[in-house]
Each structure stands twice: as structure tokens, then as C-alpha cells.
Amino acid sequence: MRHGPRGRLVGLAYVAPALLFVLVFTAYPLVQMAWMSLHDWSLLSPPKFVGSANYERVFSDTQFWVSFRFTLLYTVLITPVLIVGGYLLALLTARNTALRRLTRTVVFIPVVIGLGVSSLLWYWLFSSDFGLVNRALTDLGLVAEPVLWLGVDAGLSNVAISASVVWKVIGFGMILFVAAIQAVPADVVEAALVDGASHRQRVTRVILPLTLRTVLLVTLVSVIGSLLAFDQFYIMTAGQPGNETATSVFYIYLNSFPYLKLGYGAALSMILAFTILIGTVVQLLLTRRSHQ
């Protein structure tokens, strides 16, 4: 390996493109957002410095806390399904069976579909007039009349959108879990088999503990993705009824652009970013503890 000034310059040259990317597309927008959050800016007039006024306003903004609670509810609802479902699919896919290749293909294909396209597809499937979901439920005699899945009842809308997102992204977690399961040393699993451990015991006492770091990683990615949910709610419900299905990002969008409150929207974004930062730190601490 090269040492000295020349070696350091070579190393810096290798990381420079990635470092430049992070500075331009992550660090600078974050600093700019923090600056905007301290100003009253409508995009139609010059920004006016207001200090912490935007942050103080958040505490009395009932609609923001409604959207924040709804986002947390959506996150709590969908995250266990993605983790448990993805892990079970990974156990099925990681085994050397005839369904292995078919399962990987069928489950992973929705991952490469854009979230906007997926949301439009499921908006059509859940349509009360011509959706296939209501048609199937009616033909099976499970409902007497079409169910109004979207935009009328916040609970039903949450369930419908969660189902569409699970279909869309569960394959991502499955692939990561498959890689982690296949990385478990075969001799460890064989030793458990020789000791008389059943399949369930091998999974819960050998494979799962050895893949816990991947489980924590997928959980973090899922939680962050849920907290940043926007496209599916914007397309499928547009926040209806009465903004009850407006997520935090959707509410930030409303304030920043339709309501022309860019400074206040930036303050809301900083609060959401801080929330995600706390979750990330907790995940890193859990990952470090599991590795010890």
C-alpha cells in the first residue's frame, strides 16, 4: 500500500466523487432547509427572518400532530408485516426447493415498479365502481355492496394503502433476508440438526440470532420509508377525508407549496428529520449491542 502525501492524495481522489455527491445533494440542501426554517418565506416575497417562530408554531398546530400520529400509526401497522412477512418469504426462498426461483421472481418484481405506478394500479383495484377487489368480494358473497376503500374512512384507507405498499416493497426485505440466511455457516446449522433441533428451533435459535443485524437494518429502512410516505397517499386518497389520511410529508408539502409557507414547511421538515435521526441512532445502538 502507498503511504505518505501521494498515497493520501490518491485515496482522496477515489472518494472525491462520492464526497462531492454527498455535499451537493445532502449536506447543502440540509443546511439550506435549516436556514429556510428560520424565515417567513412565501416564495412570492423576500424571506423575512423570524428566528424560532416557525418552530414555536408547530406546538400549536393541531393538524400537524394529527398527521404525525397518523404517520406513526401507518408505520406501526406496516413495519411488522414487512419484517415478518419478508423473513418468512426469505426462509421459503432460501431453501433449495422447486419454488425457490419462482418465489424470488414473483415477489421481487413489484420492487422494480415505480411507487407512483404501483399506487395508480392499486387505486384502480380498490375503486368502488369497477375495482377488482370489490368485484371479488361481491362475487364471493363476503360483502353485499361495494366497499368504499379510499377517501371516506381513514381506517379503511390506511389498510388499503398498507396492502398496496406491502405488495410493492416486501420483496426488498426478502432479498436482504435471503442473503443473510445464506451467509449463515452451514456447519452451524448442521451441528444444530445433529443435536436434534427441529426446523423451528434451528430458525429461532440459530438462524434468526445470526441474522439479527440484517433484521435491524431492514426495520430501520422500513421505518424511515414509512415516516417519509407521500406518493401513495397523495395518489390514492389526497389526504381525504378531511386530511385524516395526510401523512407528515403530505402536510409538509401542503404548507410548502399550495399554502406558500415555505419557511414553516422547512421547520416541519427539520422536525421530521430529527425524528428520523433519533430512530437511526437507536438502530445503530441496537446493532452494536447485537454484535457484541
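The first residue of the sequence shown is numbered 1, and numbering continues consecutively from there.
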Over all atoms of both residues, closest heavy-atom pair of [X] and [Y]:
{"X": "Leu220", "Y": "Thr280", "result": "CD1-CA, 3.8 Å"}
{"X": "Ser164", "Y": "Met236", "result": "OG-SD, 3.8 Å"}
{"X": "Thr211", "Y": "Ile181", "result": "CG2-N, 3.9 Å"}
{"X": "Thr75", "Y": "Leu227", "result": "OG1-CD2, 3.7 Å"}
{"X": "Val147", "Y": "Ser128", "result": "O-CB, 4.0 Å"}
{"X": "Val166", "Y": "Leu82", "result": "CA-CD2, 3.9 Å"}

Ignoring hydrogens and angles, tell me if any N or O in the side chain of [X] forms a donor-acceptor pair with the backbone of [Y] under 3.5 Å.
{"X": "Asp195", "Y": "Ala197", "result": "no"}
{"X": "Asp231", "Y": "Gly116", "result": "no"}
{"X": "Asp153", "Y": "Leu148", "result": "no"}
{"X": "Thr79", "Y": "Ser222", "result": "no"}
{"X": "Asn243", "Y": "Ala246", "result": "no"}
{"X": "Ser37", "Y": "Ala34", "result": "yes"}
{"X": "Glu56", "Y": "Ala53", "result": "no"}
{"X": "Lys48", "Y": "Trp41", "result": "no"}

Spatial distance of atom CG (Leu121) from atom CG (Leu132) [nearest 0.5 Å]: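 Answer for the CG-CG pair, Leu121 versus Leu132, is 9.0 Å.
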Distance in Å, Ile161 CD1 paired with Thr245 OG1, rounded so as to fall on 0.5 Å steps: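 Output value for this atom pair is 6.0 Å.
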Pair Tyr234-Tyr253, ring pair (Phe, Tyr, Trp, His ring centres under 6.0 Å): steps then yes or no: CA-CA 10 Å; Tyr234 179 78; Tyr253 159 77; 5.7 Å; yes
N-O pairing of Arg135 and Asp139 below 4.0 Å: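 The answer is yes: the pair qualifies as a salt bridge.
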Between the side chains of [X] and [Y], is a donor N or O closer than 3.5 angstrom to an acceptor N or O?
{"X": "Ser42", "Y": "Ser45", "result": "yes"}
{"X": "Ser248", "Y": "Thr71", "result": "yes"}
{"X": "Gln232", "Y": "Tyr74", "result": "yes"}

CA sep, side-chain torsions, deciding dist, call: Asn54, Leu38, side-chain contact (heavy atoms from CB on, under 4.5 Å): CA-CA 7 Å; Asn54 286 326; Leu38 301 176; over 6 Å; no
Do the ring planes of [X] and [Y] sit parallel (below 30°), tilted (30 to 60°) or perpendicular (above 60°)?
{"X": "Phe49", "Y": "His39", "value": "perpendicular"}
{"X": "Phe233", "Y": "Phe70", "value": "perpendicular"}
{"X": "Phe59", "Y": "Trp65", "value": "tilted"}
{"X": "Phe130", "Y": "Trp124", "value": "tilted"}

Could you tell me if the side chain of [Y] sits less than 4.5 Å from the side chain of [X], heavy atoms only?
{"X": "Val215", "Y": "Leu208", "answer": "yes"}
{"X": "Pro241", "Y": "Val152", "answer": "no"}
{"X": "Asn255", "Y": "Leu268", "answer": "yes"}

Residue pairs involving residues 148-186 (criterion ring pair (Phe, Tyr, Trp, His ring centres under 6.0 Å); sequence neighbours excluded):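 Listed by first then second residue: Tyr87-Phe177, Trp122-Trp167, Phe126-Trp149.
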Tyr264 and Tyr55 aromatic centres sub-6.0 Å: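 Not close enough - the centres of the two rings lie 6.0 Å or further apart.
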